[in-house]
Every structure is written in C-alpha cells, then in structure tokens.
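Before any comments, here is the structure.
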Amino acid sequence: MTIRLFNSHSRKKEVFKPLNPDKVTIYVCGPTVYGPSHIGNARPAVVFDVLADLLRASFKQVIYARNITDIDDKIINAAKEEKEDISKITMKYTEQYKYDMKALNVSFPDEEPFATAHIKEMIEFINDLLMKEFAYVSDDHVLFDISSYNSYGMLSRRNPEEMIAGSRVEVQSYKKKPLDFVLWKPSLDNEIGWDSPWGFGRPGWHLECSTMIFKLFGKTIDIHGGGEDLTFPHHENEIAQSSCRNDGHPLANYWMHNGLVQMDKAKMSKSLGNVLLVKDLVKKVPGEVIRFSLLSTHYRQPLIWNQRLIDQSNTVLNNMYSLLAETKDLDSNEKNIDKEFLESLYDDLNTPKAISVLHSLFKRLKKSPKDSSLRALLIGSANLIGILKNDPIEWFESKNKDVDIEMINNLIEKRRMAREEKDYEKSDTIRDQLLNMGIFIEDTQEGPVWKKISIND
RNA sequence: GGCCACGUGGCGGAGUGGUUACGCAGCGGCCUGCAAAGCCGUGGACGUCAGUUCGAUUCUGACCGUGGCCUCCA
C-alpha cells in the first residue's frame with residue numbers, strides 16, 4: 001500500500017516518497033503564543049497528529065516538529081495589554097496550548113523548537129542571504145529581495161506584478177519592491193530585541209521556520225504543513241529564503257494545507273467576539289468529542305463549527321463507548337487495524353471515509369458481541385486517529401461527575417413505587433422532573449437506568 | 001478590484017461519467033403502562049444556466065452564493 005497526499009504545490013494527489021524511507025521528516029507551523037488557543041489552532045494540530053501517527057505506522061522513523069512562535073508584534077502588543085513580561089506571556093500561553101492539545105489527544109511532537117532559541121541561527125541565515133545578494137539592508141531593516149528569486153509566487157499561484165497593481169497599500173519607503181519582506185527589523189530601546197550586525201532588533205516572522213527546519217533537518221524536508229491561510233505570504237516567503245540560501249534545494253517536497261474553521265453564521269474573529277477557545281470547549285464536552293468533530297470533515301475542506309456538529313459527534317461516541325462497555329469482558333488486547341480503514345487514511349487522509357469504516361465495524365460487533373477480534377479491530381483502528389482511547393466505563397462516569405447521585409436515586413425509588421401502584425401520572429411527573437435536571441431514565445429488563453444528557457445552553 | 005477554494009437529501013459528510021456511501025435526525029413495525037433503548041424495515045440529494053456525451057451530481061464554460069488570502073495585519 002502506498003500513501004498518497006495532496007501536494008498544495010502541484011495541486012495534485014501524489015504518491016508519498018520520502019527522501020529517506022528510514023527517516024521521514026515533517027514540520028508544521030505551530031501557534032503564535034499571544035493568547036489561548038482556539039478551535040482554528042486545534043485543527044492543524046489534530047490533522048497533522050493523525051498524519052504523523054499514520055506515517056509512524058508505515059515507516060521506520062518519523063520526526064515531527066511543530067514550532068512555537070514566541071517573538072512577534074502580536075505578542076509585544078499582548079504583553080502591553082496584559083501589563084506582563086513577554087516571557088511570562090509566551091510561557092503562559094505555551095503551557096495553555098500544550099494543555100489544550102493534550103485534552104484533544106494530540107501527542108507531543110518529537111521536536112518543539114522556539115523562535116527565540118534560534119536568534120543566532122537566524123542572524124547567520126540573514127548573513128548568508130546578504131552575502132549571496134538575495135537580501136539588502138535599508139534603514140536599519142534587512143529585507144529579502146523577491147526579484148532575486150524568480151519562482152516567487154509559485155506555491156500560492158500569485159504574480160507579484162499583478163499583486164502590486166491591485167494593491168491599495170502605501171509602499172514602505174525602505175523597500176525596493178513592495179513585496180520585499182522583512183528579515184530583521186529594529187526594536188526600540190524599551191522593546192524586546194537582540195544585538196545584531198544591523199543593530200538592536202528582532203527577526204521578521206517568516207524567518208524562524210526556515211531557520212529551524214535547516215537546523216533540525218537540513219536543506220529539504222519531506223512534508224511541510226500548516227493552515228491554508230499561511231500559504232501566502234508566510235510559506236511563500238519561507239520557500240524563497242530557504243531556496244536562495246540553500247542553492248536552489250527545495251524547502252519541502254510536499255506541502256499540505258488544512259482548510260479553515262468557520263463559525264456557523266459569521267467568521268471567527270476577535271472583533272466579532274465569536275472566537276471559540278479550546279479551554280472553554282473541553283469544559284463542556286470531552287476533548288475526544290472535539291477531536292472527532294474535527295476529523296469528521298476531510299482536512300482540506302472548510303469546516304463549519306456549530307453545536308450540532310458537537311452533539312452528533314457526542315452521540316456517535318456515546319454509542320460506540322456503550323457497545324465497548326457492554327463487551328468489556330472480551331479480550332481485545334491485540335489491537336489490529338482494519339485494512340479498509342487504513343486504505344482510507346492512505347488516500348490523502350480521508351478521515352470521513354475511515355470513520356464510516358468504523359461505523360461498519362461497530363455494526364458488525366453489535367451483531368456479534370462475542371467476537372473479541374472484531375472488538376480489537378474497532379478499537380485498534382479508532383486508536384490510530386486518536387479515538388476510543390478512553391476506558392468505556394470511565395467515559396460515562398466522567399460525564400456524571402457533577403450530579404447528585406443520592407437525590408437521583410431517591411427520585412428513582414419514588415418513581416418505582418408509583419409504578420408499582422400503577423400511579424403512572426405520578427411516575428411520569430417524576431420522570432419529567434429528572435429530565436429537567438438533565439437526567440434521562442430508561443426502564444430496562446434489569447430495572448431503571450439513568451444517564452446524564454447534555455442540555456444545550 | 002486581483003488570486004484561490006468550496007456549494008451533495010432536514011443536518012453532517014465521502015465518492016463516482018451510467019449501478020446502495022456512511023452517520024445523525026425522521027417515518028412505519030415489534031417491544032413497552034407510556035416512553036426510551038434495542039431489533040426489523042423505509043423515504044429523501046448532488047447551487048443556477050448552458051455545452052461536451054448515447055448518458056453528468058461527476059468533464060467544460062458562464063453566473064449566483066459562501067469563505068480565505070492580497071507588502072512586518074491574523
């Protein structure tokens with residue numbers, strides 16, 4: 001079986017062939033840590049987590065790096081607003097990010113490079129570009145000269161000339177060409193900065209990824225990933241500076257971009273106040289439900305986020321976990337992965353199709369609840385995409401953690417007595433009363449059972 | 001204004017030049033004091049208009065709609 005991935009560069013699905021089949025390299029653009037992570041930050045983290053695990057299942061070694069941008073004007077502004085040190089801000093939100101991603105079953109990457117830990121390498125990088133005359137110094141800035149790289153715009157399919165023509169923005173005086181981008185810029189004395197051959201200052205945003213990729217992996221990596229919104233200018237600029245510095249070696253052989261998360265009605269933006277934070281979402285539903293929701297759409301498609309999506313994911317996972325609970329005595333330690341499931345993922349990470357295979361395994365297990373190998377197949381397959389990783393009993397118990405069990409049992413007992421006396425009016429009143437509290441009663445052959453249902457706010 | 005992506009049944013969401021996706025919800029039946037769950041069964045779709053074709057949801061074009069990006073702004 002071969003893995004096929006959609007390469008944004010060629011805009012085609014291509015058979016994935018790593019440079020070194022014994023050591024696959026991936027780099028994904030991580031967050032800028034200036035605030036708590038939202039659902040849009042979570043999508044690439046989850047998608048490329050699945051990709052990394054899939055590759056690990058297929059290749060000897062995979063090295064997955066996801067950076068942390070801890071120097072940026074947004075961070076400087078956040079520090080001013082919160083009246084905190086920059087390092088406090090970046091540490092706080094880096095920890096928050098890690099915590100949130102863990103809640104979504106996202107594994108920690110093999111490497112997590114920080115921009116500020118690579119200032120020296122960035123300065124070397126700029127020096128190289130200056131020496132090779134791909135960059136120039138102007139007014140305390142160092143700028144990349146895009147006219148020196150004739151493939152500029154290939155990834156995002158943009159023509160620099162046309163872009164300038166359509167641009168309404170005033171050209172900065174220190175730039176030779178409007179699209180030239182900053183490699184190094186001056187900092188004020190009271191701002192964060194580092195000494196450099198061009199004075200006290202800080203790096204431009206695009207430089208860190210190129211620099212850290214070169215340091216960790218060398219000239220060319222197999223896969224570079226990130227959100228679709230980063231294609232231009234961020235990734236375009238990375239390609240330009242890396243290719244020029246490394247004598248034309250491509251930065252990455254495969255470029256992958258995930259689609260963006262959209263809110264139900266309006267786009268997610270801070271000014272509209274509809275940014276959905278991961279830390280708030282996981283208070284309401286298990287992280288696995290969020291993860292499942294993110295994977296229920298193919299990663300390249302736009303994803304419209306709303307309550308219905310969460311509810312449906314919740315229902316599906318509840319159904320699966322309750323079957324796992326019913327069959328918990330089966331020995332499913334030997335986790336296998338279904339062939340069709342794997343094939344779906346091998347086809348450019350088709351998680352919706354893979355999930356449909358999960359449904360079919362679920363139905364088969366339902367019909368043959370004694371088949372331990374089938375149960376192992378369901379769990380093993382789901383685990384590959386970070387789903388069904390919880391203990392089925394704990395799954396339901398954790399949902400019931402903040403209910404008054406004693407009171408519920410009392411009411412259930414009253415209802416039982418009413419039913420014995422065939423006072424169904426009274427018993428139904430009690431049932432409604434419990435329902436209002438979010439407790440749902442089912443009368444089974446073994447007597448009444450209750451479960452907590454989610455009440456939408 | 002320029003470039004790009006997307007538009008599938010009530011909702012979510014794959015896929016395909018001609019044949020069932022799948023899930024959630026719904027409906028009918030069995031069961032139940034009534035429900036629920038479970039089991040059995042079931043209807044329903046490819047934005048609009050043209051073109052290519054024996055035949056298009058699938059290819060081409062136009063249009064409409066939604067979203068993204070467009071020089072240190074995210």
Side-chain angles (χ1 to χ4, degrees), chain A residues 8 11 31-32 34-35 38 40-41 72-74 77 141 143-144 146 153 156-172 174-175 177-186 202-207 227-234 236-237 257 259-263 265-271 275 292-293 295-298 300-304 306 308-316 319 322 326 344 347 350-360 362-363 366-367 418-419 422-425 427-428 431-432 435 440-445 448-451 453:
Chain A
S8 316
R11 276 215 233 141
T32 301
Y34 70 107
H38 54 73
N41 298 123
D72 182 275
D73 285 3
K74 293 185 290 291
N77 291 335
H141 293 69
L143 292 124
F144 185 88
I146 68 142
S156 54
R157 270 150 242 269
R158 279 159 209 256
N159 178 331
E161 303 298 324
E162 281 174 11
M163 287 185 62
I164 296 160
S167 172
R168 295 151 295 185
V169 182
E170 234 180 289
V171 176
Q172 306 286 349
Y174 51 79
K175 289 187 182 180
K177 286 274 174 63
L179 290 184
D180 289 350
F181 58 92
V182 170
L183 297 166
W184 190 265
K185 63 176 162 186
R202 55 189 192 268
W205 171 39
H206 313 296
L207 188 59
E228 205 173 43
D229 55 339
L230 297 179
T231 311
F232 188 90
H234 187 52
E236 199 72 69
N237 292 351
H257 292 97
L260 302 180
V261 179
Q262 296 170 28
M263 287 301 108
K265 292 186 178 98
K267 78 167 200 174
M268 186 165 68
S269 79
K270 276 194 152 179
S271 55
V275 178
F292 191 85
S293 301
L295 294 175
S296 65
T297 299
H298 183 86
R300 279 191 281 121
Q301 297 283 61
L303 172 61
I304 298 174
N306 56 32
R308 296 181 85 142
L309 173 66
I310 300 171
D311 290 343
Q312 188 177 324
S313 303
N314 199 218
T315 305
V316 169
N319 290 343
S322 71
E326 285 163 29
S344 304
D347 181 16
N350 194 336
T351 52
K353 197 172 179 191
I355 287 171
S356 82
V357 176
L358 249 34
H359 282 296
S360 128
F362 169 79
K363 275 200 289 201
K366 194 130 206 171
K367 283 202 160 80
R419 290 184 73 215
K422 301 223 187 297
D423 183 355
Y424 294 120
E425 202 175 316
S427 73
D428 286 355
R431 184 165 64 192
D432 288 344
L435 195 60
F440 191 81
I441 299 290
E442 280 175 33
D443 297 315
T444 71
Q445 288 197 325
V449 264
W450 62 273
K451 63 180 175 188
I453 56 167

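Below, chain A is the first sequence line, B the second, and so on; all start at residue 1.
- Heavy atoms of A/N319 sit under 4.0 angstrom from primed sugar atoms or phosphate atoms, though from no base atom.
- In this structure, A/L230 reaches neither bases nor backbone, as no heavy-atom distance under 4.0 Å exists between it and the strands shown.
- Rounded to whole Å, the separation between the C1' atoms of B/U19 and B/C31 comes to 37 Å.
- As judged by a 4.0 angstrom heavy-atom cut-off over every strand, A/Y424 is placed among the base-contacting residues.
- Sequence order on RNA chain B of the closest nucleotides to A/D443 and A/S360 puts A/S360 first from the 5' end.
- Distance, A/F440 CZ to B/A37 P: 6 Å, rounded to whole Å.
- Between the side chain of A/N314 and the base of B/C24 there is no donor-acceptor pair of N/O atoms closer than 3.5 Å.
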Between A/K353 and A/D347, is a salt bridge (charged side-chain N to carboxylate O under 4.0 Å, His left out) present by the stated rule, with each step listed? CA-CA 10 Å; A/K353 197 172 179 191; A/D347 181 16; 5.7 Å; no
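- Residue contacts for A/R11: at a heavy-atom cut-off of 4.0 Å it reaches the sugar-phosphate backbone alone, with no base atom in range.
- Using a 30° and 60° split on the angle between ring planes, A/H234 and A/W205 fall in the parallel class, below 30°.
- Remark: P of B/G13 and CD1 of A/I310 are 13 Å apart, rounded to the nearest angstrom.
- Applying the 3.5 Å distance criterion, the base of B/G23 shares a donor-acceptor pair with the side chain of A/Q312.
- Contact annotation for A/K74: backbone-only contact, meaning every heavy-atom pair under 4.0 Å involves sugar-phosphate atoms and none involves a base.
- Within the 4.5 Å cutoff, the side chain of A/E228 has no heavy atoms near those of the A/R300 side chain.
- In this structure, A/R157 reaches the sugar-phosphate backbone alone: every heavy-atom distance under 4.0 Å involves primed, P, OP1 or OP2 atoms, never a base.
- Taking the P atom of each, B/C64 and B/A56 are spaced 25 Å apart, rounded to whole Å.
- A/W184 has its ring centre no less than 6.0 Å from the ring centre of A/H141.
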Output one line per pair: protein atom, nucleotide atom from nucleotides 19-21 of chain B, and distance, for all N/O pairs under 3.5 Å.
none

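- Residue A/Q301 places none of its side-chain N or O atoms closer than 4.0 Å to OP1 or OP2 of B/G12.
- The shortest heavy-atom contact between A/S427 and A/R419 is CB-CG, 3.5 Å.
- Spacing of C1' atoms, B/U52 relative to B/U60, comes out at 7 Å, to the nearest Å.
- Residue-to-nucleotide contacts include no donor-acceptor pair under 3.5 Å from the side chain of A/N350 to the base of B/G15.
- Contact annotation: A/N77 does not reach the phosphate of B/C73 (side-chain N/O to OP1 or OP2, under 4.0 Å).
- Spacing between atom CZ of A/R308 and atom P of B/G9 amounts to 13 Å, rounded to whole angstrom units.
- The shortest distance between the side-chain N/O atoms of A/K363 and the OP1/OP2 oxygens of B/G23 is below 4.0 Å.
- Toward the 5′ end of RNA chain B lies the nearest nucleotide of A/L303, the other residue of the pair A/L303 and A/I441 mapping further downstream.
- Going from the P atom of B/C39 to that of B/G23 covers 12 Å, rounded to whole Å.
- At B/G12, none of the side-chain N or O atoms of A/S296 fall inside 4.0 Å of OP1 or OP2 (strictly under the cut-off).
- The distance between atom CD1 of A/I304 and atom C1' of B/G68, rounded to the nearest whole Å, is 13 Å.
- Within the model, atoms CZ of A/R308 and CG of A/N314 stand 15.0 Å from one another, a figure rounded to the nearest 0.5 Å.
- Atom CG in A/N306 sits roughly 16 Å away from atom P in B/A25 (whole-Å rounding).
- Residue A/H298 is classed as a sugar-phosphate contact, given heavy-atom separations below 4.0 Å to backbone atoms only.
- Residues A/V357 and A/S344 meet the side-chain proximity criterion, which asks for heavy atoms closer than 4.5 Å.
- Across B/A5, B/G13, B/C34, the shortest atom-to-atom separation from the side chain of A/R419 is found for B/C34.
- Annotation: B/G1 and B/C63 have their P atoms spaced 12 Å apart (nearest Å).
- Closest approach of A/I441 to A/P448, counting heavy atoms only: CG2-CB, 4.3 Å.
- Residue A/K185 places no side-chain N or O under 4.0 Å from the OP1 or OP2 atom of B/U71.
- Remark: C1' of B/G67 and CD of A/E228 are 9 Å apart, rounded to the nearest angstrom.
- A/R300 has its CZ atom 14 Å from the C1' atom of B/C4, to the nearest Å.
- Of the C1' atoms belonging to B/G9 and B/C4, the separation is 29 Å, rounded to the nearest Å.
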RNA chain B base-pair string [pairs: Watson-Crick or G-U under 3.5 Å; |: paired with another strand]: (((((((..(((.....[...))).(((((.......)))))....(((((..]....))))))))))))....
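- For B/U71 and B/U66, the C1' atoms lie 27 Å apart once the distance is rounded to whole Å.
- For A/H359, the listed nucleotide lying nearest its side chain is B/G23; candidates were B/C6, B/G23, B/G33.
- Ion pairing of A/K177 with A/D180 is absent here, as no side-chain N (NZ or NE/NH1/NH2) approaches a carboxylate O to less than 4.0 Å.
- Remark: the separation of the P atoms in B/G13 and B/C70 is 25 Å, to the nearest Å.
- Taking 4.5 Å as the limit, every side-chain heavy atom of A/N319 sits out of range of all side-chain heavy atoms of A/K366.
- The shortest side-chain heavy-atom distance between A/L303 and A/Q262 does not fall under the 4.5 Å cut-off.
- Taking 3.5 Å as the limit, the base of B/A35 and the side chain of A/R431 contain a donor-acceptor pair of atoms between them.
- Listed nucleotides: B/G2, B/C73, B/C24. Nearest to the side chain of A/P233: B/C73.
- Looking at every heavy atom in both residues, A/T297 comes nearest to A/P352 through C-CG, 3.7 Å.
- Taking the side chain as every heavy atom from C-beta outward, A/L435 and A/F440 approach each other to under 4.5 Å.
- The CZ-P distance, from A/F292 to B/G13, rounds to 12 Å in whole Å.
- In the set B/C24, B/G12, B/G33, the nucleotide with an atom closest to the side chain of A/T315 is B/C24.
- Among the nucleotides B/G38, B/A5, B/C69, the one closest to any side-chain atom of A/K366 is B/G38.
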